[in-house]
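Below, read A as the first sequence line, B as the second, and so on, with proteins coming before strands; counting in each chain starts at 1.
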Number of protein chains: 2
Amino acid sequence: MAIERKSKQRDAIINELCSRYDHPTAMELYLSVREIIPNLSLGTLYRNLTQLEENNMVLRIPDGSNDRFDGNVNPHAHFKCITCGKVYDLMSFKNDSITFSDDIIGQVNNYSLMAFGHCKYCNKIN
Amino acid sequence: MAIERKSKQRDAIINELCSRYDHPTAMELYLSVREIIPNLSLGTLYRNLTQLEENNMVLRIPDGSNDRFDGNVNPHAHFKCITCGKVYDLMSFKNDSITFSDDIIGQVNNYSLMAFGHCKYCNKIN
DNA sequence: CTCGTTAACAGTAATGATTACTATTATTAT
DNA sequence: ATAATAATAGTAATCATTACTGTTAACGAG
């Protein structure tokens, strides 16, 4: 669904998301934006996150039933601490090289790589 | 939590999961195993999946609030069709080389790579 | 083999993130 | 200014997963 009109709520959501680097969950983001717009509705937050994702203005980081969100829309890898649950950037792009920071953040025990696209065998609109 | 006793239910779950390659969700797996153990409890399925994952006998493929499960515990990449929702194996390992099959399954539009481990900055037991 | 301990189970209730719904507000084109 | 309707606030509903409780069955000791 395309974005057709401006709204203070959406502006505040994007602004908050782009000014932090900790990959907040919907609820964490909600509590932050609430400090600027005290009567922000949780439904509004979710609707905007979905809409912004569809318009490539926000990146969704799948994380069970607690997805995280990132203002950096360039697809990049993440590291999740099994113990505390925090999510860090795993790779950084500088100049033309990719820097892995797994030895800085912590030991990587496991990973999950999921690619998204449209399959050939799909009988739905494709 | 360690597995201490055998159970017919757990055996049936593992057996079903290892005999198919379509990365079923908990519910899909539940319906299949039900055909063998008609009064299998959904709670039992979830408990066993978690336990089997902890004991590296089953791989959990994060997928929103509909995680998928795989009897192949060797970490490997997956491809999810945005249209139909099916999940395929993206990479296959043969001899010493990794074969990417994105051009066979479909076009990759985006990806999500999440690594798991223990971070340095974590103040919980580590 | 029988018994006792308790892991594992079936069935049901509770939880919690997300989505849907409805009446109201506010953006934007005319 | 006004009309059309996108976007919102607040609330209710949904749905996958987890927690709870009484019962069953695996298995080690006698």
Side-chain angles (χ1 to χ4, degrees), chain A residues 1-17 23-55 57-70 80 82 85 87 112 114, chain B residues 1-17 23-55 57-70 80 82 85 87 112 114:
Chain A
M1 198 167 63
I3 293 172
E4 303 196 1
R5 294 179 188 179
K6 285 196 298 186
S7 86
K8 285 177 179 163
Q9 289 83 350
R10 187 185 306 118
D11 288 349
I13 291 165
I14 298 173
N15 192 56
E16 174 65 20
L17 203 48
H23 316 95
T25 62
M27 185 52 70
E28 286 166 357
L29 194 55
Y30 176 65
L31 294 174
S32 294
V33 181
R34 269 248 169 185
E35 291 178 15
I36 296 155
I37 303 177
N39 67 334
L40 178 74
S41 174
L42 190 53
T44 296
L45 182 86
Y46 274 108
R47 180 165 24 75
N48 273 290
L49 285 174
T50 300
Q51 210 170 35
L52 289 166
E53 186 198 3
E54 287 170 359
N55 289 274
M57 300 175 71
V58 154
L59 184 71
R60 178 188 299 265
I61 305 169
D63 191 13
S65 62
N66 261 33
D67 285 350
R68 292 166 179 280
F69 296 90
D70 196 333
K80 180 179 181 177
I82 300 163
V87 171
S112 166
M114 179 74 85
Chain B
M1 197 170 60
I3 292 173
E4 303 196 0
R5 293 180 188 176
K6 285 195 299 187
S7 85
K8 284 177 180 163
Q9 290 83 350
R10 185 186 307 118
D11 287 347
I13 291 165
I14 298 173
N15 192 55
E16 175 65 21
L17 203 48
H23 315 95
T25 61
M27 184 53 70
E28 287 166 355
L29 194 54
Y30 176 64
L31 294 175
S32 293
V33 181
R34 269 247 169 186
E35 291 178 16
I36 296 155
I37 302 178
N39 66 334
L40 178 75
S41 174
L42 190 53
T44 295
L45 183 86
Y46 275 109
R47 181 165 23 77
N48 273 290
L49 285 174
T50 300
Q51 210 171 34
L52 289 166
E53 186 198 4
E54 286 170 1
N55 289 273
M57 299 176 71
V58 154
L59 184 72
R60 178 187 300 264
I61 306 169
D63 190 12
S65 62
N66 262 32
D67 285 351
R68 291 167 179 279
F69 297 89
D70 197 332
K80 180 178 180 176
I82 301 163
V87 171
S112 166
M114 179 73 85

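Between Ser41(B) and Thr50(A), the residue anchored nearer the 5' end of DNA chain C, judged by the nucleotide with its closest heavy atom, is Ser41(B). Comparing Lys8(B) and Ile3(A) along DNA chain D, the residue whose closest nucleotide (by nearest heavy atom) sits nearer the 5' end is Ile3(A).
Among the nucleotides dA8(C), dT8(D), dT19(C), the one closest to the side chain of Tyr46(A) is dT19(C).
A close approach under 4.0 Å does occur between a side-chain nitrogen or oxygen of Gln9(B) and OP1 or OP2 of dA10(C).
Listed by residue number, the members of residues 57-68 of chain B with any heavy atom below 4.0 angstrom from DNA chain C form an empty set. Contact check of residues 25-40 of chain B against DNA chain D (heavy atom, cut-off under 4.0 Å) returns Ala26(B).
Distance, Leu52(B) CG to dC9(C) C1': 15 Å, rounded to whole Å. Between the P atom of dT8(D) and the CG atom of Leu42(A) lies a distance of 13 Å, rounded to the nearest Å.
The rotation axes computed at either terminus of the helix from dC1(C)-dG30(D) to dT30(C)-dA1(D) lie 40° apart, taking five pairs at each end and rounding to 10 degrees.
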Could you write out each protein N or O paired with an N or O of nucleotides 27-30 of chain D at a distance under 3.5 Å?
{"unit_1": "dC27(D)", "atom_1": "OP1", "unit_2": "Lys6(B)", "atom_2": "N", "d": "3.2"}

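Using a 4.0 Å heavy-atom cutoff across all strands shown, Arg47(A) reaches at least one base atom of the nucleic acid.
Residues meeting the side-chain hydrogen bond (donor to acceptor under 3.5 Å, both in side chains) test with Ser32(B), sequence neighbours left out: Arg20(B). Evaluation of the side chain to side chain contact (heavy atoms under 4.5 Å, CB included) rule for Thr25(A) yields Met27(A), Glu28(A), Asn66(A), Arg68(A) as partners, not counting sequence neighbours.
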